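Computed from a prediction, not measured in an experiment: that's the story for all the values here.
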Amino acid sequence: MNGLTPWAASASAQLADENLTAVYSNDAGGITFKVFCSGDSLWIVAHWPKGGRIAFRAAYSPGSSLTVKKVNDSSFLLNSDVGTYHVKISLNNEPVLRYTTSLKPHKDLSIPFWPRDILVPGNENNAEHTAGKIHVSQVGTRSGLIYSSMHKPKSGSFLYFQNLTALAKYCEQTKTSCANVVGGNWPEMGFALPPSKDNFLEAGKEVIISDAFVVFDEEVPADEAAIIRQYLNLLAAVYLHLPLPPTTYKEWPEILQKGLKDLIDNPGCWSQVAGHSYFNAYVSDYATPPEIMVQLAVLLPLQDYAEWSKTKPEVIKTIKANLPSFYDKKIGSIMRWLPAAEDKLEEEEEQKKPKVMDSWYLHHPLLNLSRLALKGDKTAEKLFLDSLDFSIKVAHHFKYRWPVFYKMDTLEVVKEETAPGKGGEKDVAGLYAHVMLQAWELTKEKRYLNEAEKAAKTLQGLGFEMFYQANNTAFASGALLRLYKITKNKLYLDLSYLCLAGIFKNVQLWDCNYGYGKHFPSFFALFPLNDAPYTAVYEEQEVFCAFHDYMKHAQGEDILPSVRLLITEYIRYLVERAVYYYPTILPKEMLEEKPKIGELDPELWIALEDLHDGWEKSGAVGQEVYGAGNAFGISPRHYLLVPGEEFMVYIEYPAAGYNAVKGKAISFTLSGDERLTCKMVLVKSSDTALPEFSVTINGTKELLKGETIKNGHIQYLLKGNQQVRISWKR
C-alpha cells in the first residue's frame, strides 16, 4: 500500500459522501457505471459485480467551481473558472468504457500540475484499505497504458489506455511530451497532463486533454501464464476500439534498389582489412573493427531478396567469403570482433575490448549461420557446427542465465547486470533455445533439443521483465512455439506468449504528431530495449521477420486470437513506417548533424538507427549499415510475384498458401483478424497497362471493387483471415 496524495484523499472523501447524486448511470457487461460531479471533478465510477469500485476522473478544475451545465445522453458540458469542458462517454458490452474530454480555456493557461485520473476509492473513504497489483505501466513514450488487478476486494482486472495521439494539439501548444504521462501507484494512478512551463494553452481554443479507453475483466489471474494471456487479450480488445491511423502504399521495390546501390557503392558502408571488404556497423565508422553480427545482419535479408528476385548480387559472395575470418580456432568459436582487427578497439566502452562478448552477440550470428546452413551453405554449416560446443559450454557455465558482457577466453564476467538488481540479458535463454533447435533440425542430434528445453524452462517466472532486446525476444517467441509443436508441452506455448507480451509492452500505440513527429508516423513503433528512448530500424526489421516466421509456424495451431491480431497489425504498420527511417524521406532540420558514431549523409539511402520523440532530433546514434535489411526483408514477404506477368501483388498482412495458375489466376489466404482490414495493391512493374482484374473472397462470386492510385496501381481493402482469389484477362 502507498500513501495517498492530498488530491486522492480529498477525492476519496467526496466519493464517500452519501449526498452525492449520480448525474448519469448505465450498465455494460455486468458492470454498473455512475457519473458524479464532486465540485472539482467529474467522476465515472465503475462498480464491479464482486464489490470493488474504480473511479475515473473525466474532468478536473481546481477549487469547487465545476458544474454540469448540460447533459445530452452521455455527453456532458461543464462550466468552471478554468474554462468550458466537454466530456463524451461511450460504453459497450465487452465491457469497454471510453471517455473523451476537451477543454476551451477562458484565459491563457499554464498548467504546472494535474492529478492522475484513476482512483480506487474503496468503501466509506478507505482507499488505503484496498489492494491491487499494477502489472504494466507506461515507460518513456511507449503506449500510455496501465494493466492492473484488484485483489482486495477480489473484483477483477482492467487495462486502461490513454490515446496519446489525441493530445497532439495540447503538446504542440505547451511544448510538452507524452513521455511518462501514464503511471502512478495503487490506489492512485492513470494519466496526468504533462505540466507546462514556459508555454501555455491559448484562451478560446478547444483542445482534447484526455481520450481514455478502459476494458474490464472479472478474472483476477492467479499465475504468470494467466496474467500474460489476460494482458494480450485485453490489449487486443482495446486495440479494436482505437481510432487507427490510415496506411498508404509505399514503393518498396524502388526504395530497395536505391538502398542496394548505396549499400554497395558508398565507401562509408565498407572497411578494408588485409585486403578484404567488410560492412561497417555505421556509415563512415572506421574506428570500430568489423563485427560478425553486422555482416550476417545484412547478408541474410540480402539472401532473402536474392531468392525472391532470382538474382545473384555480387555483394553476397563478398560477405560470405569473409565469414571464416571471424572464427578463433583456439577458443573454438566465431568471435564478435574480427580477430585480425581487434587491436583497433579503443576500449572506450566496456564491450569494446578484445575478446569481450555481449551475450546475445554470440547467439545471433549462430542463428543466422544456421539459417544459411539449412539452405545448404557448407561454409556456414561448418562455422555453425564448430561453434556449438563453445556455445553450450557458456550456457552451462552461466546456468542459462547470461550476464551482459563476459570474456570469451576466460568466461570472466565483465558486466553482470543491465542495472542494479535487474539481472543480465534474460531473453538470451530463448535465443539460445532457438539456436539449439536449429542445430537439432540440421543434425537430428537429440542433445540439441534437450538443450533447447533446458534453456526455455529458465524463462519461467521472469514475467514482463524477461524482455531485454526486442529482436532476440521475438526470435525466442518463435523458438518456444516450435518447442510446443514438437513436444506438445503447453508450458512452451505459455512462454511463447510471455515473450510476445514483453514485445507488445514495449510498443508505441499512438502517433506523435507534435514537433518533428509531424513528419513521420510512429503508431505501433517498437523500442529496441525496455528503457530505450528511441525506436530503432535494425530491431524493428528483425522483429518483423521473426513475426512472419511465427505466423508460418502458427498455421493450423490454436493460438490466441489476440496474438494473431497484434502480430499482423504490427507487421501492417511496420511496412507503413519503415520507409521513414531513411533520412532521404525526412526534413533535414530534424536530423542530428553530428551523430554519436560515424557520419550522417541525408542523401544516402541507408537508414537511421534511431527515431525519437517529436521534440528531439533523430539520427543521434548514426546511420545504421546493419539496418540495411529493412527493404530487403519487406519486399520478399509482401510482394507476390506473378509468373509470366508484368504486375505484382502487394499485401499489408502476411499471406500463406500462395497458388498460381499461369496466365489466369492466383490465390492465397490472408492472416489477421476479420474485424480489421488491410490493403492489397496490384502493382504495375512495367509500362504495360494492367489487365482487367476480378477479385473475390472466400469462394464467393461477388467482385470486390478497387480504386486506381498513384502510378496506376489498383488498391483494394480486404478483411483479415480471408481467402483471396485474383483472376485477370487482357
**OP:** Applying side-chain contact (heavy atoms from CB on, under 4.5 Å), run through Gln623 and Leu604 and close with a yes or a no.
**Re:** CA-CA 9 Å; Gln623 215 163 347; Leu604 197 62; 3.5 Å; yes
Subject >> Worked verdict on Tyr581 versus Thr535 for side-chain hydrogen bond (donor to acceptor under 3.5 Å, both in side chains) >> reply: CA-CA 10 Å; Tyr581 277 108; Thr535 64; 3.0 Å; yes
**OP:** Decide side-chain hydrogen bond (donor to acceptor under 3.5 Å, both in side chains) for Tyr282 and Thr288; before the verdict, give the C-alpha distance in whole Å, the side-chain angles of both, and the deciding distance to 0.1 Å.
**Re:** CA-CA 9 Å; Tyr282 297 89; Thr288 307; over 6 Å; no
Original post:
What do the steps show when you test Tyr650 against Glu251 for side-chain hydrogen bond (donor to acceptor under 3.5 Å, both in side chains), and what is the final call?
Top reply: CA-CA 10 Å; Tyr650 164 83; Glu251 296 282 2; over 6 Å; no
Original post:
Run the ring-ring contact (aromatic ring centres under 6.0 Å, His included) check on Trp510 and Phe523 step by step: do they pass?
Top reply: CA-CA 5 Å; Trp510 60 281; Phe523 185 83; 9.7 Å; no
Subject >> Ser359 and Tyr468: CA distance, side-chain angles, deciding distance, side-chain hydrogen bond (donor to acceptor under 3.5 Å, both in side chains) verdict >> reply: CA-CA 11 Å; Ser359 285; Tyr468 171 68; over 6 Å; no
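Tested against His638, the residues Lys250, Arg572, His548 include a single side chain to side chain donor-acceptor pair (under 3.5 Å) partner, His548. Between Leu369 and the options Leu299, Ile334, Asp377, a side chain to side chain contact (heavy atoms under 4.5 Å, CB included) holds for only Ile334. Here the options are Arg371, Lys375, Lys312, Arg637, the test is salt bridge (Lys or Arg N to Asp or Glu O under 4.0 Å), and the partner is Glu307; only Lys375 passes.
In this structure, Ser277 and Ile319 approach most closely via the heavy-atom pair O-CD1, 4.4 Å. Contact detail for Pro583 and Ala607: the closest heavy-atom pair is CD-CA, 4.4 Å. For Glu576 against Pro246, the heavy-atom pair with the smallest separation is OE2-O, 4.3 Å. Annotation for Glu445 and Trp440: closest pair O-CD1, 3.3 Å, computed over non-hydrogen atoms.
Residue Lys719 qualifies as open at atom NZ: its count of foreign heavy atoms under 6.0 Å is 12 or below. With a 6.0 Å radius and a threshold of 12 heavy atoms from other residues, nucleotides or ligands, Lys310 has its NZ atom at or below the threshold. Other residues, nucleotides and ligands place more than 12 heavy atoms under 6.0 Å from the CG atom of Asp265.
Listed by first then second residue, pairs satisfying salt bridge (charged side-chain N to carboxylate O under 4.0 Å, His left out) with a partner in residues 468-487 read Glu441-Arg482, not counting sequence neighbours.
Between Glu674 and Asn721, the side chains place a donor N or O and an acceptor N or O closer than 3.5 Å (distance only, hydrogens not considered). Side-chain contact annotation: Ser271 with Asn280, donor-acceptor N/O pair under 3.5 Å present. A donor-acceptor contact closer than 3.5 angstrom links the side chains of Tyr550 and Ser496. With hydrogens and angles left out, the side-chain atoms of Gln715 and Tyr249 include no donor and acceptor closer than 3.5 Å.
Aromatic ring orientation, Phe464 versus Tyr231: perpendicular (interplanar angle above 60°, classes split at 30° and 60°). Using cut-offs of 30° and 60° for the angle between ring planes, the Phe504 and Phe524 rings count as perpendicular.
For the atom pair CG (Leu608) and CZ (Phe520), the distance works out to 10.0 Å, reported to the nearest 0.5 Å. One finds the CD atom of Glu609 at 10.5 Å from the CG atom of Leu611 (value rounded to the nearest 0.5 Å). Distance CG/Asp285 to CZ/Phe279: 14.5 Å, rounded to 0.5 Å. Residue Leu676 holds its CG atom at 11.5 Å from CD of Glu652, rounded to the nearest 0.5 Å.
A donor-acceptor pair under 3.5 Å is absent between the side-chain atoms of His713 and the main chain of Val681, judged by distance alone.
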